[in-house]
Every structure is written in C-alpha cells, then in structure tokens.
Amino acid sequence: MSELTRSQSFFLRHEFAIRRLHSLTGIVPLGVYMVIHLTTNASLLNGTATFQRAVFLIHSLGELLPVVEWGGIFAPLLFHAILGVWIIRTGKSNLGNYQFTGNRRYVWQRWTGLIALIFLMTHVLHLHGWFHAGFWLAIMEPLGFASFDPYNAASSLGSAMQGYVWPAFYLAGVLATVYHLANGIWTAGITWGLWVSPQAQARATKVCTAFGVILAVVGTSAWWAAVRMDTDDIAQARAEEAIMYEAAKETGLAYDMPEKRTPVEVEVEESDVVEASGSSDDAVTE
C-alpha cells in the first residue's frame, strides 16, 4: 500500500473527528486571535501611544511569547490549513448544476480559505519574516520583508504599508479572511449540531452575517489606520515611540532589546521629540 493510500485511509477512518477538530481550531484559537489582532491594530486610529502600549503588553511576555505564538497561533494555523487543503481536494461541489445559496457558500468558503492561507503566510513573511534567526533576517530585510519592529510598532507598520501593492493585497486578504471566519462559524454550527433545522440555520445566518460585517469594519479600520500614514506621520510616530520606549524600560513594560527597534538611520529632531512628548507622556505612565 502506497504512502498516499495509507494517508487517505487514515483521514477517511477518522474523518468524523478530524472535521470537528478542523472547525474547532478555526474558531478557537484562530478566530479568537483574529478578532483580538484586528482590534489591536485598529487601535492605531486612536494614535501611536494607544497602539504602542498594546504591543508593549504583548511583548512583555518575553521568552513566553514564542510559546504562545506557536502553541496558540502557528501550530493551529498549520493544522487548520493542511486539513483545509485536504477537505478542498476531497470535497465535491455541485454549483454547476445547482445554484443554491448553500452551494455558493460552500465554494466561497473554499476559495476564501485558499486566499486566507496565501495572505496569512505572506503577511507573516512581510512583517515578521517567518523566522527570527539572524542569518535569515539578514536575507529577508533587504528584500523588504520582516519589516515590523515591535518597539516601533506604528512607524514600522506605516512604513511597510506604503505604495499601492501592499495596501491592496492586505485589504483583499483581510476581507477574504473575515468572510472565511464568519461563514466558517455558520458551517461549524452545522458540523457540531448546534443549528440543524432550517429555522435555526436562518437565525444563525443573521448572527454570523452581523458578526462578519462588524469584523469587516474593524478589519478595514485597522487597514486604514496603517495605510493612511505618510512620511510626516511616520516620523512623528517614531519620535513618540522613542519616548515611550525609554519610559517603558523604566517601568519594566519593555526590555532592553535593540533587535526589536527600528535601526536609527537619522537623528530625530529635538523639536519633534519635545512636540511628541506632550501627547505620549500620560499614556505610558498610566
């Protein structure tokens, strides 16, 4: 028996449990993380200080952060993505024969899943570089990847979203991922037997649609908060971040880790720092 046949046999033998684990990981932890992530990024609309404080809190986990990332995000994402590809390859759509709404949603769920996978893998490469090894980052950073610096969160994110290609890519990716999650919650309810009758499914459709619309607004707000920044906004944000970093080190909220900061290529004008301090001192001392 070939390896492929044995693999197929394993999935077919345990399909009941696998499909439920697949739907569960799509909601917890991945869906929960997505809501938190988009909400955190949308906080940039409230200013550099709000966003940077949130990033400081995340990175205050220190050496525990990689454990949380791999255990709560990357490992479940890989599991969900691999199983999703298997489901797409083994599933069959009858959309060509029956143009029912449920059939269209079936197809859209598969396509948005593929788009979301490509988007998320590219997103992690673009901002975080996939791996934090020094030799790898030395290759990726000159290519424009691994461009997010946690201790310069707003300015590095704004710099990474300049131009037209990345903003368009992120907008399409965020909206596809939001649809995949909202519609996935609806299909998970059927998989787990939470809404089986037509009436229950109709009510669930309304709830999931409302959730998807709200999350799309949050995601679009997060996207706009980053892409609206121009060079002056980025310079102002970097001045605020420099002040917040020093204050955060004193309070123990941030560590002395230069690798998490944007390399200083030009000196920040003293007047910019003084001007920025008025808007950020209160935020970092709360």
Side-chain angles (χ1 to χ4, degrees), residues 23-61 65 68-78 80-81 84 108-109 111-130 147-150 152-162 165-188 207-229 233 237:
S23 64
L24 180 62
T25 55
I27 300 172
V28 181
L30 296 178
V32 173
Y33 169 74
M34 180 180 172
V35 172
I36 296 173
H37 184 59
L38 291 179
T39 303
T40 300
N41 284 11
S43 70
L44 181 55
L45 285 174
N46 197 46
T48 297
T50 302
F51 182 50
Q52 185 61 65
R53 184 168 59 246
V55 177
F56 277 148
L57 287 172
I58 294 171
H59 284 263
S60 66
L61 292 173
L65 182 59
V68 174
E69 288 178 332
W70 277 100
I73 304 172
F74 298 138
L77 176 60
L78 290 174
H80 189 80
W108 295 341
Q109 184 70 3
W111 277 109
T112 54
L114 287 175
I115 294 171
L117 176 59
I118 295 171
F119 165 68
L120 292 174
M121 296 300 291
T122 307
H123 163 58
V124 175
L125 176 64
H126 178 218
L127 293 185
H128 303 285
W130 285 348
S147 54
F148 180 75
D149 299 304
N152 293 97
S155 61
S156 62
L157 180 60
S159 297
M161 296 296 286
Q162 297 297 295
V165 176
W166 283 120
F169 174 79
Y170 271 80
L171 181 59
V174 167
L175 294 179
T177 307
V178 167
Y179 177 88
H180 188 74
L181 173 60
N183 192 60
I185 294 174
W186 185 84
T187 58
V207 173
C208 293
T209 299
F211 169 76
V213 170
I214 293 172
L215 190 58
V217 171
V218 174
T220 305
S221 299
W223 171 82
W224 175 246
V227 303
R228 68 172 180 167
M229 297 181 69
D233 295 327

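As the structure is a prediction and not an experimental result, all values here were calculated from the model.
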Minimal non-hydrogen separation, T177 against G173, with atom names: OG1-O, 2.7 Å

Nearest heavy-atom neighbours spanning A237 and T48: CB-OG1, 3.4 Å

Contact check, side chains of F169 and T122, non-hydrogen atoms, under 4.5 Å: yes

Side-chain heavy atoms of F51 within contact of N46, under 4.5 Å: no

Polar side-chain atom of W130 near backbone of M121 as donor-acceptor pair, under 3.5 Å: yes

CG-CD1 distance between L175 and I115, expressed to the nearest 0.5 angstrom: 10.5 Å

Any Y179 side-chain heavy atom under 4.5 Å of Q109 side chain: yes

Set of residues satisfying side-chain contact (heavy atoms from CB on, under 4.5 Å) with respect to H123, sequence neighbours excluded: H37, F119, L127, Y170

Closest approach of S156 to S147 (non-hydrogen atoms, all atoms of both residues): CB-O, 3.5 Å

Nearest-0.5 Å distance, CG of residue L78 to CH2 of residue W70: 6.0 Å

From OG1 (T187) to NE2 (H180), nearest 0.5 Å: 8.0 Å

Whether Q52 side chain and P150 backbone form a donor-acceptor pair below 3.5 Å: yes

Nearest heavy atoms of T40 and A54, plus distance in Å: CG2-CB, 3.8 Å

Partners passing side-chain contact (heavy atoms from CB on, under 4.5 Å) against A182 (at least two apart in sequence or in another chain): F211

Nearest-0.5 Å distance, CD1 of residue I27 to CD1 of residue I185: 5.5 Å

In residues 215-229, what donor-acceptor pairs under 3.5 Å come from side-chain atoms, sequence neighbours left out?
| from | atom 1 | to | atom 2 | distance (Å) |
| --- | --- | --- | --- | --- |
| T220 | OG1 | A216 | O | 2.7 |
| S221 | OG | V217 | O | 2.8 |
| W223 | NE1 | P167 | O | 2.8 |

Approximate separation, where rounding is to 0.5 Å, of L38 CG and Y33 OH: 9.0 Å

Rounded distance [0.5 Å steps], CD1 in I58 versus CG in L61: 8.5 Å

